[in-house]
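Structure first, then comments.
Every chain is numbered from 1 and lettered A, B, ... according to where its sequence line falls, protein lines coming before strand lines.
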2 protein chains.
Amino acid sequence: MIKPNELREKGLRLTPQRELVLQAVRQLGHATPEEVAEKVRSTHPGINLSTVYRNLETLENVGLVLHTHLGHGGATYHAAEELTHLHLVCSDCGDIGDAPIESAANFVNTLSDDYGFKTDVTHFAVYGLCSKCAAKAGK
Amino acid sequence: MIKPNELREKGLRLTPQRELVLQAVRQLGHATPEEVAEKVRSTHPGINLSTVYRNLETLENVGLVLHTHLGHGGATYHAAEELTHLHLVCSDCGDIGDAPIESAANFVNTLSDDYGFKTDVTHFAVYGLCSKCAAKAGK
DNA sequence: TACTTCCTGCGAGCCCTTTGCAAGAGAATG
DNA sequence: CATTCTCTTGCAAAGGGCTCGCAGGAAGTA
């Protein structure tokens, strides 16, 4: 799943910790730094949380990983190649749904045309009520 | 600017601190708790930061104030009646632009139709490059 | 193998926010 | 007004999440 060259090509050293962090992010889909650490530790205890933070930052700098803000302050990390969807965050149950980026195409164009604003769709979360909670609230 | 009844009607006591917090939020437009505190203290030093936090929360519970996540973790507060725009947050210069809610109308409808997701437009920030920074980056 | 540089673990520290507690102040009542 | 009940406040401590400095250790290079 991880090719040694991926990291070397970016000028990064290939350390076990770094590989594990990248691997965890890829496996988890969405993950907070804490969750990444937990995942990594499940097979390799003793890896320090600050190492996870530093590696997430490093991997983000070279473009292998990205983060998104889902609202509660904490960033959520994704493998760069997996970030092909929007996040629909339910304000009620906290569930995180996905929607294709294309759903926002018109919106992005509008903002670009009207305000010259170039939206980074991968970086924003959409808040609201998921269908389940909306149904509950409707009752 | 503040009617005594606004607070009383909601079942809240009318304390000087509470009035000041509400007033500050209304005057500031967008404001972090820290900024609200600063504003309040400019006329009334000695008001505790935790009082500001508690009042923001209280005022939000009764619907006089709302908060938005602009991404860096901190919430930003608005008077409820002023939240009639989207936030366009520039990832480069940090500038916060506004756009009318209607810009997102199609987008909101799409999400509703396709996923049953009821977007709370007032609660999400849109990330990207503002026109200035996009121009700079283009050079 | 020897060397340079980058990374890691650890601990301390920082920022923002929340909490517990005791004193103080609103507001309803008599 | 005085009394009383309850909500609020200020203060200080604590919590969560993240960053930083340091010294030892490992990756990559020749």
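Applying the 4.0 Å criterion to OP1 and OP2 of C/dC7, one finds that A/N48 has every side-chain N and O outside that range. A close approach under 4.0 Å does not occur between any side-chain nitrogen or oxygen of B/S50 and OP1 or OP2 of D/dG10.
The distance from atom CG of A/L49 to atom C1' of D/dG16 is 11 Å, rounded to the nearest whole Å. Rounded to whole Å, the distance from CG on B/L12 to P on C/dA27 is 10 Å. Taking atom CD of A/Q17 as the reference point, atom P of D/dA27 lies 8 Å away to the nearest angstrom. If you measure from atom CG of A/L56 to atom P of C/dT8, you get 11 Å, rounded to the nearest angstrom. The distance from atom CG of B/N61 to atom C1' of D/dC7 is 15 Å, rounded to the nearest whole Å. Atoms CG (A/L7) and P (C/dC7) sit 10 Å apart, rounded to a whole Å. The interatomic distance linking B/E19 (CD) with D/dT9 (C1') rounds to 15 Å, in whole Å. Here D/dC7 presents its P atom at 15 Å from CD of B/E57, a figure rounded to the nearest Å.
Contact check for A/K39 versus A/Q27: side-chain heavy atoms found under the 4.5 Å cut-off. Taking the side chain as every heavy atom from C-beta outward, B/Q23 and B/L20 approach each other to under 4.5 Å.
Using the six-membered ring where Trp is involved, A/Y77 and A/H67 have ring planes that are tilted, between 30° and 60° apart. Ring planes of B/H85 and B/H30: perpendicular class, angle over 60° (limits at 30 and 60°).
Comparing D/dT8, D/dC18, C/dT8 by their nearest atom to the side chain of B/R18 picks out D/dT8.
When hydrophobic clusters are built by joining Ile, Leu, Val, Met, Phe, Trp and Tyr residues whose side-chain heavy atoms come closer than 4.5 Å, directly or via intermediates, A/L88 is grouped together with A/F107. Follow the hydrophobic side-chain contacts under 4.5 Å out from B/Y127 and you reach A/L86 in the same cluster.
The backbone N or O of B/H123 lies less than 3.5 Å from no partner atom in the side chain of B/T68, so there is not a single donor-acceptor pair. No donor-acceptor pair under 3.5 Å is formed between the side chain of A/Q17 and the backbone N or O of A/I47. For A/S112 (side chain) and A/V108 (main-chain N/O), no donor-acceptor pair under 3.5 Å exists by modelled atom type. In this structure a side-chain-to-backbone donor-acceptor pair under 3.5 Å is missing from B/S131 to A/F117.
Listed in residue order, the members of residues 38-47 of chain A having a heavy atom less than 4.0 Å from DNA chain D come to none.
For the pairing with A/R26, the side-chain hydrogen bond (donor to acceptor under 3.5 Å, both in side chains) check across A/H78, A/E81, A/E82 returns one residue only, A/E81.
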What N/O pairs connect the protein and nucleotides 12-15 of chain C at under 3.5 Å? Give each pair on its own line.
none

Protein-nucleotides 21-26 of chain C N/O pairs under 3.5 Å:
unit_1	atom_1	unit_2	atom_2	d
C/dG26	N2	B/R13	NH2	3.1

